[in-house]
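What you see below is based on every heavy atom in this structure, not just the backbone, and it leaves out hydrogens, waters and symmetry mates.
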Amino acid sequence: MRKKVLSVVLTAAMVASLAACGDNKEASSSASTVASTSTASSTTSSAAGSTSSTTSSATTAEALPDAFQHITFDKDKAADEGYTAATQVEDKGDNDGATYGIAPVDGYTFQYGKGPVGDAIFLDGKNELNLNLKPTNTDTWTVSFWIDADRLATYGPTLQMGYNIGKAADAGNDVTWANVTQCEWGEDSAKIFPIVWSRNEASDAEDGTDCWPWMYSFDNSIHGKREWAMVTIVCSGEEQTGATGAKTVGAQFYLNGQKMYDSEDNYKNGTYFEYTWDATLAPNIMKPGDATFESYFGVNYWDTMFKGFVDDLYTFDTALTPGQVLSLYQLGDATVTDDASKEGVDTTTGKSDESTASASGSTAAAGSVTPDANAIESVGKTDFTNAWWTDWSSTTQIKDGETKTVKFKNYTDGKNNWDNYVVGFGNTANDAHVDPNSIDGHQEYAAVRADAWGWLSGDGNKNLNDNGCTYTTSWGDDWATWLAAMNGADVTLTITRSGNDLTIHSDIAGSDGNTYTSDCSIPGSASGVDGDVYFFLTNEEGYIDIMSIE
């Protein structure tokens with residue numbers, strides 16, 4: 001038995017970051033930074049391995065009870081399974097703790113690919129799911145689903161369910177939810193997925209419950225990204241009181257049919273770590289009483305939406321045993337490959353070979369873009385209708401002395417030199433598709449366009465070339481040739497930080513078969529760099545598939 005002791009600093013950091021998710025009325029919870037959370041990875045990374053191997057060797061498949069609800073996501077059953085399209089909108093309605101509202105998408109047609117059990121539904125990062133689940137109204141329950149993500153975002157939703165989800169807790173609302181998400185709690189802020197975050201802020205409840213518990217597989221890894229993984233959450237319902245005094249309930253977390261964590265076992269025996277913080281589940285998530293129960297996949301009131309596949313979602317009004325969870329896993333085929341699952345589906349737009357209509361009715365110009373299913377992120381629109389400063393990649397931090405290499409495919413409508421990629425620098429972190437200027441405390445250091453122009457410190461009149469920066473290109477004044485070659489170009493950016501000085505070298509394999517290069521240097525004295533530095537990509541009237549950042 002290994003006992004893992006986690007730092008008190010971790011507890012404080014998690015409470016601070018959790019408080020940001022769902023309470024900030026001005027900015028997305030993704031703006032929060034979890035400090036000192038590398039402790040979690042370094043002290044728990046070996047725990048899950050021994051636990052899961054023990055579980056798998058001792059577990060025998062058992063008969064499953066009847067499901068309370070089962071969404072197959074088979075295409076031929078879509079009209080009968082109750083889910084509808086939903087997306088984030090600016091109008092928050094009465095959700096006074098939210099950044100966005102959630103609204104239906106009229107007329108949207110979902111696309112489907114091959115999943116572990118029959119068909120799987122594809123979510124394109126803009127049109128997500130209102131699952132319209134019913135609560136079990138029990139203290140014990142189980143939820144399980146298969147996932148194959150193309151894009152995950154820190155704090156971003158996959159499954160999120162509960163009641164009063166978008167309400168501000170300080171207004172006296174009983175806010176309760178569970179969110180299966182990604183967090184940067186690994187070593188050196190490595191990303192971990194899936195993490196089950198849950199909340200019960202029952203400020204008017206008789207039991208005084210106020211908790212932000214969470215649990216995951218404690219292996220410092222991402223599961224279910226460009227691979228199929230089955231996530232199962234079991235609420236076994238035992239009352240627990242954590243070290244902070246918050247009341248939680250017993251729960252188990254399973255990955256691919258194997259038990260990775262059991263809060264009740266740990267609560268009583270310290271099997272996984274010394275019980276100094278609440279790695280478990282909030283009460284009353286599926287027992288909302290008179291409140292309206294909400295259930296979504298891929299969308300919430302604050303964060304970057306999900307992109308990828310989901311299949312075979314179950315709810316049970318009982319706590320499944322390890323043998324029953326194993327049986328549920330054995331119903332699916334986890335070996336379905338990414339290529340097979342995405343057959344016939346454009347994983348950037350969600351459009352199938354059968355239909356090119358999107359929710360807005362726009363279509364991509366014929367032959368303009370062939371999106372890459374292996375891209376880690378995309379920026380812009382395949383039909384080149386994105387206006388300036390309307391889409392952004394997630395940020396990447398670059399520390400003093402570091403060099404980062406970014407590889408991406410660049411597409412442009414070819415109308416203007418500036419209709420290409422732009423590299424932005426600032427002092428704050430944010431997720432993909434989030435405006436950096438919406439982040440509290442954000443300072444822009446510089447923006448550098450592909451066409452040898454840019455500006456400093458957010459002042460559009462303080463351009464690069466006139467303020468101590470240099471920008472040289474291999475194509476000289478032959479802009480027409482360069483612009484034509486940029487549609488479909490493979491671009492490699494080498495970005496280096498030395499102190500507060502930044503340099504960008506570009507190697508561009510043009511669509512005309514020629515190679516183009518450029519170099520830009522930005523001294524810190526010109527850009528105003530002072531402290532942390534993050535970079536991101538944006539563009540105008542174009543599209544980018546980011547393949548890797550190393």
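- Thr140 places none of its side-chain heavy atoms less than 4.5 Å from the side chain of Asp317.
- Without hydrogens or angle criteria, Asn300 side chain to Asp303 main chain gives a donor-acceptor distance under 3.5 Å.
- Heavy atoms only, all atoms of each residue included: Arg151 and Phe306 are closest at O-CD1, 3.5 Å.
- With a 4.5 Å cut-off on side-chain heavy atoms, Gln160 and Ile165 count as touching.
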- request: Could you walk me through whether Ser327 and Glu62 pass side-chain hydrogen bond (donor to acceptor under 3.5 Å, both in side chains), step by step?
  value: CA-CA 6 Å; Ser327 294; Glu62 300 175 14; over 6 Å; no
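- Closest heavy-atom contact between Thr304 and Ala153: CB-CB, 3.5 Å.
- Here Leu123 contributes atom CG and Phe309 contributes atom CZ; the two are 9.0 Å apart, rounded to the nearest 0.5 Å.
- Under the rule for a side chain to side chain contact (heavy atoms under 4.5 Å, CB included), the partners of Thr72 that lie at least two apart in sequence or sit in another chain are His70, Asp74, Lys77, Glu81, Asp312.
- Rounding to the nearest 0.5 angstrom, the gap separating the CE atom in Met286 from the OG1 atom in Thr176 is 13.0 Å.
- Here the closest non-hydrogen pair linking Phe316 and Asp66 is CD2-O, 3.7 Å.
- A heavy-atom distance below 4.5 Å is found between the side chains of Pro194 and His223.
- Between the side chain of Asn95 and the backbone N or O of Ala98 there is no donor-acceptor pair closer than 3.5 Å.
- Ser295 places a side-chain N or O within donor-acceptor distance of the main-chain N or O of Leu133, the cut-off being under 3.5 Å.
- When Asn220, Thr154, Thr181 are each tested for a side-chain contact (heavy atoms from CB on, under 4.5 Å) with Ile192, only one passes: Asn220.
- A parallel orientation is assigned to the rings of Trp197 and Tyr155, their planes being inclined by less than 30° (bins at 30° and 60°).
- Dense packing is recorded around CG of Asp76, with more than 12 heavy atoms of other residues, nucleotides or ligands lying under 6.0 Å away.
- For Tyr112 and Phe73, the distance between ring centers is not under 6.0 angstrom.
- Using modelled atom types, one finds a donor on one side chain and an acceptor on the other under 3.5 Å when comparing Glu377 with Ser394.
- Put simply, the side chain of Glu238 does not reach to within 4.5 Å of the side chain of Val249, judged on heavy atoms.
- A distance of 9.5 Å separates CE in Met215 from CG in Asp262, rounded to the nearest 0.5 Å.
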| said: Determine whether Asp139 and Lys287 satisfy the following criterion, salt bridge (charged side-chain N to carboxylate O under 4.0 Å, His left out), listing intermediate values before the conclusion. | reply: CA-CA 7 Å; Asp139 292 322; Lys287 194 175 181 181; 3.7 Å; yes
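- Taking CH2 of Trp214 as the reference point, atom OH of Tyr261 lies at 8.5 Å (rounded to 0.5 Å).
- Note: Ser236 OG to Leu320 CG = 11.0 Å, rounded to the nearest 0.5 Å.
- With rounding to the nearest 0.5 angstrom, the CD1 atom of Ile195 is 9.0 Å from the CZ atom of Phe253.
- Annotation: salt bridge (charged side-chain N to carboxylate O under 4.0 Å, His left out) contacts of Glu264 (sequence neighbours excluded): Lys268.
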Using the side-chain hydrogen bond (donor to acceptor under 3.5 Å, both in side chains) rule, take Tyr301 and Glu294 through it: C-alpha gap first, then chi angles, then the decisive distance, then the call.
CA-CA 12 Å; Tyr301 290 97; Glu294 299 175 78; 2.5 Å; yes
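- With hydrogens and angles disregarded, a donor-acceptor distance shorter than 3.5 Å links the side chain of Asp119 to the backbone of Lys75.
- Salt-bridge check for Lys225 with Glu227: failed, with every basic side-chain N at 4.0 Å or more from each acidic carboxylate O.
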Using the rule given for side-chain contact (heavy atoms from CB on, under 4.5 Å), can you reason through Phe122 versus Phe110, listing the C-alpha separation, both sets of side-chain angles and the distance that settles it, and then say yes or no?
CA-CA 7 Å; Phe122 177 71; Phe110 285 110; over 6 Å; no
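- Side-chain contact annotation: Asn179 with Tyr296, donor-acceptor N/O pair under 3.5 Å absent.
- Residues Trp302 and Gly97 approach most closely at NE1-O, 2.8 Å, considering heavy atoms.
- For the side chain to side chain contact (heavy atoms under 4.5 Å, CB included) test, residues two or more places apart in sequence or in another chain that qualify with Ala334 are Trp146, Tyr329.
- When all heavy atoms of Ile376 and Ser548 are compared, the closest pair comes out as CD1-CA, 4.1 Å.
- Checked against the 6.0 Å centroid criterion, the rings of Phe297 and Phe145 qualify as a close aromatic pair.
- Salt bridge Arg226/Asp148: absent, no basic N to carboxylate O contact under 4.0 Å.
- Residues Ile121 and Asp311 form no side-chain contact, since every pair of their non-hydrogen atoms from C-beta on lies 4.5 Å or further apart.
- The two residues Thr396 and Lys404 have their closest heavy-atom pair at CG2-CE, 4.2 Å.
- In this structure, Asn132 contributes its side chain and Gly82 its backbone to a donor-acceptor pair below 3.5 Å.
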